[in-house]
Amino acid sequence: MLKIYNTLNNQKEKFEPINPNEVGIYVCGMTVYDFCHMGHARVMVMFDVITRHLKRNFSNVNYVRNITDIDDKIISRALENNEDIYSLTNRFIDEMHQDEKSLGVLSPDIEPRATDSIDKMIEMISSLSKKGLAYQGENGDVFYAVRNFKEYGKLSGKNLDDLMAGARVDIESDKKDPLDFVLWKKAKTDEPSWPSPWGDGRPGWHIECSAMSNHFISNHFDIHGGGMDLTFPHHENEIAQSEGANSCKFVNTWMHVGFVNIDDEKMSKSLKNFFTIRDVLKNYDGETLRYFLISSHYRSPLNYSEANIDNAQSALKRLYNAIKGLDKNVEDKSLINTDFEKKFNAALNDDFNTPMALSILFEIAKQINIERTNNLKKAGALSSELVKLGNYIGILEYNADEYMKQGTELTESDITKKIKQRESARSSKDFAMSDQIRDELFELGIILEDSVNGTTWRRK
RNA sequence: GGCUGGGUAGCAAAGCGGUUAUGCAGGGGCCUGCAAAGCCUUUUAGACCGGUUCGACUCCGGUCCCAGCCUCCA
């Protein structure tokens, strides 16, 4: 039984899809004007783990993650670059897809772009307008009348009067109420625009997700996710828009992924304390990054530091080391304890407890290491189990031997030559020479390991 | 000020009202020519103060501290 923590009531609750075996899940994706940073990576990876688990348990999962390709920041960045907005957004969509691939993230089922759904947004704003929930200001912008949606604040646990007390004054606005937000922005000269009943303009950010989720999934669907910073106002506004326009419940389960922090502060573009995925991939492989991101629970804050990623790398290497050199095609179930998979799935069923799931993998690794000296077949069966469960969460995707060797500048044949030299030194008991060769290779980042089957090497 | 979360051993990070989390690091041992890897073993916890309980890191109350949201942000 799958349990998910729902931000709507701040409780872990039993997950039951609206239609049996069908799950609709929508996640707010990126605004594509720059490279993705580690915070984006965490959302991509966590929802990848989540949807992989959903797809194993429900036959028909529709995972939609949008792309925001029209927005103030995109327009100003394109202007800075003296570039067409589509050339800018296409470029960064490609970059994002490359990052996803590095992190082992599977593509969503549908990845709609905002600019392809402008008509759906206009429809929705019209319907809000008919219901008295939207109005056009004198400057031409169309706003949502927050006071007219009585349940406003139910997701974030805020009430309008508390919000008023802390509201920042928006001097140049035509809003009737400072908390009202923009649905449609009147076009300025030289800005991309679309025709609408309110004049040429472009959609506000919040309406994009309401329109796309309603269109690509349904007016009422199972799971909506995103980073924790989207809870308010973005997701609150989505509820106001969708429930206001459709007069039915919008989303059953709201899921929010915690921040990636640096020195216990949120990583963000405005604080300029962010690391892009590209930055980090210069020093670490994608799977190490993925391991790092899933090594804490998705709702907890995750502190970014090199020490912590090093830690993830060591842990992942332990798993690869366990499966190294074993025949992972042994599928004799009688040789393995089926509790491993049960416990693993139970961990994921408990609000996607990835740290718990990982600990099961280490239990298997330990068993493998114990068995490999006396029962190679059993060790092989266990390693196939370990790889299978690892693959469930998108790790252990590589050949262990290759994984342990990757990232060295030396060629295989150079290393093999050195190993042969050392072997002849060893057989003539010239241990000084033997150790010297091993030390030389160590300086170059290569670790040699002697065993009864001969000498193998791996990257430091 | 309002609303969310959270404070676990040297570091990271979970579960659990009583029994080893897990990974890294440290100690001792085995293995090894010596290492590495691995195995065995071991040290280091639960912010603070009360309460409930036979028993609390785990439940309840209070105090202190931290982060996030209340503006665009994943």
Side-chain angles (χ1 to χ4, degrees), chain A residues 5 7 10 27-31 36-44 46-47 65 68 71-73 153 155-159 161-170 178-179 181 205 225-234 236 256-261 264-271 274 291-292 295-297 299-303 305 307-319 321-322 324 346-347 350 353-363 365-366 368-370 372-373 404 426 429-432 434-435 438-439 442 447-452 455-458 460:
Chain A
Y5 184 94
T7 309
N10 296 321
V27 172
C28 293
M30 264 52 79
T31 301
C36 292
H37 60 60
M38 288 297 288
H40 300 122
R42 188 175 191 195
V43 170
M44 293 197 283
M46 279 322 308
F47 280 104
R65 192 189 60 204
T68 295
D71 141 292
D72 287 355
K73 284 176 180 167
L155 177 68
S156 52
K158 298 178 192 300
N159 70 62
D161 296 324
D162 292 340
L163 283 167
M164 279 303 284
R168 296 168 199 217
V169 185
D170 201 347
L179 298 170
F181 57 90
W205 177 46
M228 245 169 212
D229 44 0
L230 300 186
T231 311
F232 189 91
H234 184 55
E236 199 69 71
H256 293 99
V257 173
F259 299 127
V260 174
N261 290 162
D264 294 318
E265 265 195 335
K266 177 185 170 185
M267 176 184 290
S268 73
K269 297 216 169 175
S270 42
L271 288 168
F274 64 92
Y291 184 98
F292 166 67
S295 65
S296 78
H297 185 79
R299 281 186 287 110
S300 311
L302 175 63
N303 213 34
S305 73
N308 290 349
I309 302 181
D310 285 342
N311 202 330
Q313 191 170 52
S314 312
L316 184 58
K317 275 185 180 172
R318 178 170 162 84
L319 295 178
N321 201 49
K324 198 174 122 182
D350 184 14
N353 191 335
T354 49
M356 186 70 195
L358 289 171
S359 79
I360 313 294
L361 300 186
F362 287 101
E363 279 183 37
K366 184 160 201 162
I368 292 172
N369 288 330
I370 290 169
R372 74 189 307 151
T373 49
M404 298 296 265
R426 286 182 79 208
K429 305 238 187 268
D430 183 356
F431 295 121
S434 160
D435 290 351
R438 187 170 61 195
D439 291 346
F442 186 82
I447 291 172
L448 297 187
E449 295 180 333
D450 301 326
S451 77
V452 284
T455 301
T456 57
W457 69 273
R458 63 184 169 88
K460 207 192 292 180

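Remember, it's a predicted structure, so these values are computed and weren't measured experimentally. Each chain gets a letter, A, B and so on, in the order the sequences are listed, and its residues count up from 1.
- Nearest heavy atom pair, residue K324(A) against residue M404(A), reads CD-CG, 4.0 Å.
- A gap of 13 Å separates the P atoms of rG46(B) and rA21(B), to the nearest Å.
- Judged by distance alone, with hydrogens and angles left aside, R426(A) brings a side-chain donor or acceptor within reach of the base of rG33(B), the pair sitting under 3.5 Å.
- Residue V260(A) is classed as a base contact, given a heavy-atom separation below 4.0 Å to a base.
- Listed nucleotides rA14(B), rC34(B), rA74(B) differ in distance to D450(A); the shortest reach to its side chain belongs to rC34(B).
- Counting to the nearest Å, the C1' atom of rA13(B) and the CZ atom of F292(A) are 12 Å from each other.
- Checked against rC72(B), rG15(B), rC40(B), the side chain of P233(A) finds its nearest nucleotide in rC72(B).
- Remark: K317(A) is not in phosphate contact with rC24(B), judged by side-chain N or O atoms under 4.0 Å from OP1 or OP2.
- Note: CG (L155(A)) to C1' (rC69(B)) measures 11 Å, nearest angstrom.
- With C1' as the reference atom, rA14(B) and rG29(B) are 30 Å apart, rounded to whole Å.
- Scanning atom types as modelled, no donor and acceptor separated by under 3.5 angstrom connect the side chain of S300(A) and the base of rG6(B).
- Nucleotides rU4(B) and rA45(B) are separated by 27 Å at their C1' atoms, to the nearest Å.
- In this entry the distance linking CE of M267(A) with P of rC72(B) reads 22 Å, nearest Å.
- In this structure, rC54(B) forms a base pair with rG18(B), meeting either the Watson-Crick or the G-U wobble geometry with both donor-acceptor distances under 3.5 Å.
- Distances from the side chain of S434(A) to the nucleotides rA74(B), rA12(B), rG33(B) place rG33(B) closest.
- For the pair D162(A) CG and rG2(B) P, the interatomic distance rounds to 8 Å; values are reported in whole Å.
- Here rG68(B) sits opposite rC3(B) as a Watson-Crick or G-U wobble pair (both hydrogen-bonding atom distances under 3.5 Å).
- One interatomic measurement links the two molecules: CE of M356(A) to C1' of rG15(B), which rounds to 6 Å at whole-angstrom precision.
- R299(A) and T7(A) share no donor-acceptor pair across their side chains, judged by distance under 3.5 Å alone.
- Donor-acceptor pairing under 3.5 Å, judged by distance alone, is present between the side chain of D435(A) and the base of rG33(B).
- Taking atom P in both rC24(B) and rA67(B), the straight-line distance is 31 Å, to the nearest Å.
- Separation of the P atoms belonging to rC31(B) and rA25(B) is 22 Å when rounded to the nearest angstrom.
- Between N261(A) and P301(A), the closest heavy-atom pair is OD1-CB, 3.5 Å.
- If you find the closest nucleotide of RNA chain B to T231(A) and to S156(A), the one lying nearer the 5' end belongs to S156(A).
- Contact record, G258(A) with R42(A): O-NH1, 3.0 Å, taken as the closest heavy-atom pair.
- A gap of 25 Å separates the P atoms of rC59(B) and rU44(B), to the nearest Å.
- Counting non-hydrogen atoms under 4.0 angstrom, F232(A) reaches the backbone sugars and phosphates but no base.
- At the heavy-atom level, G153(A) lies nowhere under 4.0 Å from the strands shown.
- Nearest approach of G39(A) to M267(A), heavy atoms of both residues: N-SD, 3.9 Å.
- Counting all heavy atoms, side chain and backbone alike, R372(A) lies closest to N321(A) at NH1-O, 3.6 Å.
- Of the candidates rA13(B), rG15(B), rG23(B), the closest approach to any side-chain atom of F362(A) belongs to rG23(B).
- A cation-pi arrangement, defined by a distance under 6.0 Å to the six-membered ring centre and an angle within 45 degrees of its axis, is absent between R65(A) and F47(A).
- Side chain of R318(A), nearest nucleotide from rG33(B), rA74(B), rG23(B): rG23(B).
- Within 4.0 Å of Y5(A), counting heavy atoms only, lie sugar-phosphate atoms of the nucleic acid but no base atom.
- Of the candidate nucleotides rC72(B), rA14(B), rC69(B), rC72(B) has the atom lying nearest to any side-chain atom of S270(A).
- Put simply, N321(A) has no side-chain N or O that comes within less than 4.0 Å of OP1 or OP2 on rA37(B).
- Backbone-only contact: G226(A) has heavy atoms under 4.0 Å from sugar-phosphate atoms and none from a base.
- Residue E265(A) places its side chain closer to rG68(B) than to any other of rA74(B), rG68(B), rG15(B).
- Annotation: of the two residues near RNA chain B, H37(A) and I370(A), the 5′-most nearest-nucleotide partner is I370(A).
- In terms of polar N and O atoms assigned as donor or acceptor, the side chain of K269(A) never comes within less than 3.5 Å of the base of rC72(B) in a complementary pairing.
- rG23(B) and rC66(B) have their P atoms separated by 34 Å, given to the nearest Å.
- Proximity of N10(A) to the phosphate of rG5(B): a side-chain N or O atom is located under 4.0 Å from OP1 or OP2.
- For S296(A), counting side-chain heavy atoms from C-beta on, the closest listed nucleotide (rA13(B), rG23(B), rC3(B)) is rA13(B).
- Spacing between atom CG of L302(A) and atom P of rG68(B) amounts to 15 Å, rounded to whole angstrom units.
- Taking the C1' atom of each, rC57(B) and rA13(B) are spaced 15 Å apart, rounded to whole Å.
- Relative to the side chain of N353(A), the nucleotides rA74(B), rG23(B), rG15(B) differ in distance, and rG15(B) lies closest.
- With hydrogens and angles left out, the side chain of R438(A) and the base of rC34(B) share a donor-acceptor pair within 3.5 Å.
- Taking the side-chain hydrogen bond (donor to acceptor under 3.5 Å, both in side chains) definition, one finds that S295(A) meets it with nothing, sequence neighbours left out.
- Pair assignment for rC31(B) gives none, since no Watson-Crick or G-U wobble pairing has each distance under 3.5 Å.
- Looking at heavy-atom distances under 4.0 Å, L361(A) makes no contact with the nucleic acid at all.
- In this entry the distance linking NZ of K366(A) with C1' of rU41(B) reads 10 Å, nearest Å.
- Rounded to an integer number of Å, the gap from NZ of K266(A) to C1' of rG6(B) is 17 Å.
- Using bins of under 30°, 30° to 60° and over 60° for the plane-to-plane angle, the ring pair Y291(A)/F362(A) lands in the perpendicular bin.
- Side chain K73(A) to base rC72(B): a donor-acceptor pair is found below 3.5 Å.
- Base pairing of rA47(B): its partner is rU63(B), meeting the Watson-Crick or G-U wobble criterion (both donor-acceptor distances under 3.5 Å).
- Shortest non-hydrogen contact noted between V260(A) and M38(A) is CG2-O, 3.6 Å.
- For rG68(B), the OP1/OP2 oxygens have no side-chain nitrogen or oxygen of S268(A) closer than 4.0 Å.
- The phosphate of rG23(B) has neither OP1 nor OP2 within less than 4.0 Å of any side-chain N or O from Y291(A).
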